[in-house]
Enquirer: 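Here's a structure for you.
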Amino acid sequence: MIGVALTRMELQRLKKRLKLAKKGHKLLKEKRDILIMEFFNILEKAKNLREEAEEKINKAFKSLILSEAYHGTTFIERISNEVGKIGDINISYKNIMGVKVPSFKLEDTKRNLLERGYELYTTSLVIDDTARKFEESLRYVIKLAEIEKSLILLAEEIQKTKRRVNILEKRVIPNLELTIKFIQMKLDEMERENFMRLKRIKSMLEKKAR
Amino acid sequence: MKIITIGDHDFVVGFKFGGVDGIVIKNKSETLNVVKELIEKKNIGIIIIQEKFYNEVKDVVDELLEGRLYPVIVSVPGKEGKITKMDVLSKLIKRAIGVEIKFGEEK
């Protein structure tokens with residue numbers, strides 16, 4: 001409040017600012033609520049997806065252990081190096097309430113026997129099963145990565161928005177209101193002073209004239 | 001953008017069958033170094049990390065990745081099975097909403 005000009009212009013400026021701050025506060029609050037709603041929507045999905053993905057991975061590793069039991073660890077390791085690599089993923093971005101979240105695109109991770117790239121003469125069905133299960137898990141893991149990253153980004157944005165709402169609510173708006181009140185009162189006071197001064201001069205002039 | 005896995009020997013071998021390359025790690029300091037290196041490389045889209053290693057370096061890595069869109073790090077259990085229960089998500093909720101909600105306890 002120190003250093004404010006006690007003028008009508010300043011008062012008007014502050015009133016405008018207060019109006020803007022209130023409008024911003026309302027909008028940010030709405031944004032925060034929608035973000036939280038969106039967050040819980042995605043959270044539900046993420047929870048289910050994680051459970052599914054973990055189950056798939058669990059099965060895949062069981063199958064891997066089985067393959068290792070059949071063929072020996074060294075052999076499996078050699079075969080694993082022969083498996084062809086999947087292509088690169090493309091990242092595009094979706095927009096949720098102004099938050100940029102990633103979305104991954106990958107050609108299907110499922111491949112047929114010949115596309116996998118290991119030799120078929122010495123390998124067996126168990127290895128095929130392992131490969132198939134890991135390809136499937138991979139698909140889930142990619143989806144999981146996408147959805148969990150979205151959650152993290154949303155949480156960050158919610159935090160930021162919450163902080164802004166709080167600053168407006170607890171500091172900016174009360175401060176502005178107080179300053180406006182102060183200037184208003186000071187201006188009223190000055191007006192009364194002026195009025196009294198005029199009255200006094202008038203009565204002095206009257207006395208002199210008589 | 002590439003996908004890469006980091007974890008113990010079996011973890012990496014397993015995901016090689018899925019068609020993804022990996023780096024074998026053994027201990028905490030190694031994990032950190034590898035993750036930092038991968039973050040600095042610009043062509044990594046997703047890092048799949050074994051849960052037991054991720055738990056050790058979670059705080060540092062989360063800090064490194066904050067505010068960045070990629071690489072995305074995702075932790076999945078290895079053959080030893082699941083260790084933590086929904087820990088990641090509850091922490092997120094606490095950060096976003098300010099209230100802690102726990103999952104999977106009512107079972």
Side-chain angles (χ1 to χ4, degrees), chain A residues 35-36 39-40 43 46-47 50 53-54 57-58 60-62 64-65 67-68 73 76-77 79-81 83-91 93 100-102 104 106 109 111 116 127 130-138 141-142 144-146 148-149 151-159 162, chain B residues 1-5 7-22 24 43-51 62 65-99 101 103-104:
Chain A
L35 278 176
I36 288 176
F39 180 83
F40 274 105
L43 186 73
K47 225 174 75 186
R50 181 156 266 281
E54 277 171 359
I57 290 165
N58 201 0
F61 274 111
K62 270 186 190 144
L64 178 71
I65 291 168
S67 305
E68 282 177 347
T73 0
I76 291 297
E77 198 188 334
I79 294 297
S80 78
N81 285 327
V83 177
K85 303 281 170 264
I86 51 164
D88 288 358
I89 37 166
N90 286 320
I91 304 187
Y93 295 99
K100 227 168 131 192
V101 298
F104 298 118
L106 178 74
T109 52
R111 295 176 288 188
R116 285 190 188 128
I127 294 181
T130 309
R132 209 193 62 238
K133 279 185 174 151
F134 269 104
E135 280 161 13
E136 203 182 345
S137 316
L138 195 65
V141 171
I142 292 169
L144 192 67
E146 177 184 316
E148 285 192 352
K149 184 69 182 179
L151 272 182
I152 292 172
L153 291 171
L154 269 180
E156 274 169 16
E157 187 68 22
I158 290 173
Q159 229 180 350
K162 255 170 75 181
Chain B
M1 293 288 168
K2 283 195 169 58
I3 310 174
I4 203 155
T5 58
D8 62 19
H9 179 262
D10 283 335
F11 191 80
V12 171
V13 167
F15 275 99
K16 268 186 186 166
F17 275 106
V20 180
D21 237 336
V24 179
N43 63 341
I44 307 291
I46 305 176
I47 301 172
I48 303 172
I49 184 170
Q50 198 175 351
E51 199 178 12
D62 282 354
L65 285 178
E66 198 169 314
R68 298 177 61 139
L69 283 170
Y70 61 86
V72 177
I73 198 157
V74 55
S75 81
V76 294
K79 68 166 185 192
E80 73 281 349
K82 206 172 162 187
I83 306 165
T84 44
K85 276 192 202 160
M86 279 299 171
D87 184 34
V88 193
L89 294 181
S90 334
K91 210 175 137 196
L92 261 180
I93 299 170
K94 199 182 169 193
R95 242 173 70 185
I97 323 291
V99 193
I101 300 173
F103 288 110

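Within every chain, numbering begins at 1; the chains are lettered A, B, ... in the order of the sequence lines, protein sequences first and strands thereafter. On a predicted model such as this, the values are computed, not experimentally measured, just so you know.
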Enquirer: Excluding sequence neighbours, so at least two apart, what forms salt bridge (Lys or Arg N to Asp or Glu O under 4.0 Å) with K79(B)?
Expert: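 Once residues adjacent in sequence are excluded, the partners of K79(B) under the salt bridge (Lys or Arg N to Asp or Glu O under 4.0 Å) criterion are D10(B).
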Enquirer: Side chain, backbone, both or neither: which part of K62(A) has an atom under 4.5 Å from a heavy atom of chain B?
Expert: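 K62(A) has no heavy atom closer than 4.5 Å to chain B.
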Enquirer: Rounded to the nearest 0.5 Å, what's the gap from CD1 on I46(B) to NZ on K149(A)? Could you check?
Expert: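 Rounded to the nearest 0.5 Å, the CD1-NZ separation comes to 11.5 Å.
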Enquirer: Is I3(B) close to K85(A) at the side-chain level, that is, under 4.5 Å between some pair of heavy atoms?
Expert: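 No, every pair of side-chain atoms sits at 4.5 Å or beyond.
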Enquirer: Output the option from V76(B), T5(B), D21(B), I48(B) having the highest count of non-hydrogen pairs under 4.5 Å with chain A.
Expert: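 Among V76(B), T5(B), D21(B), I48(B), the one with the most close pairs to chain A is D21(B).
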Enquirer: Hey, what do you get for NZ (K16(B)) to CG (L64(A)), rounding to the nearest 0.5 Å?
Expert: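 Taking NZ in K16(B) and CG in L64(A), the distance rounds to 12.0 Å.
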Enquirer: At what distance, to the nearest 0.5 angstrom, does CZ of R132(A) lie from CZ of F17(B)?
Expert: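 It is 13.5 Å, given to the nearest 0.5 Å.
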Enquirer: Going by heavy atoms in the side chains, are E77(A) and H9(B) under 4.5 Å from each other?
Expert: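 E77(A) reaches H9(B) side chain to side chain.
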Enquirer: Among the options I127(A), I91(A), I57(A), N58(A), pick out the one with the most heavy-atom pairs lying under 4.5 Å from chain B.
Expert: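 Max contact count across the listed options: I91(A).
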Enquirer: Can you name the nearest heavy-atom pair linking S75(B) to R50(A), along with the distance?
Expert: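 Distance-wise, the nearest heavy atoms are O-NH2, 2.7 Å.
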Enquirer: Nearest heavy-atom pair of V72(B) and A145(A): which atoms, and what distance?
Expert: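 What the structure gives for the nearest pair is CG1-O, 3.4 Å.
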Enquirer: So F134(A) and V20(B), do their side chains get closer than 4.5 Å, heavy atoms only?
Expert: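 A side-chain contact under 4.5 Å is absent here.
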Enquirer: With E68(A), which residues qualify under salt bridge (Lys or Arg N to Asp or Glu O under 4.0 Å), at least two apart?
Expert: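 Not a single residue meets the salt bridge (Lys or Arg N to Asp or Glu O under 4.0 Å) criterion with E68(A).
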Enquirer: Is it the side chain or the backbone of I76(A) that comes within 4.5 Å of chain B heavy atoms, both, or neither?
Expert: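 Answer is both: backbone and side chain atoms of I76(A) are under 4.5 Å from chain B.
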Enquirer: Taking the six-membered ring for Trp, are F15(B) and F61(A) parallel (under 30°), tilted (30 to 60°) or perpendicular (over 60°)?
Expert: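 Plane angle over 60°, so perpendicular.
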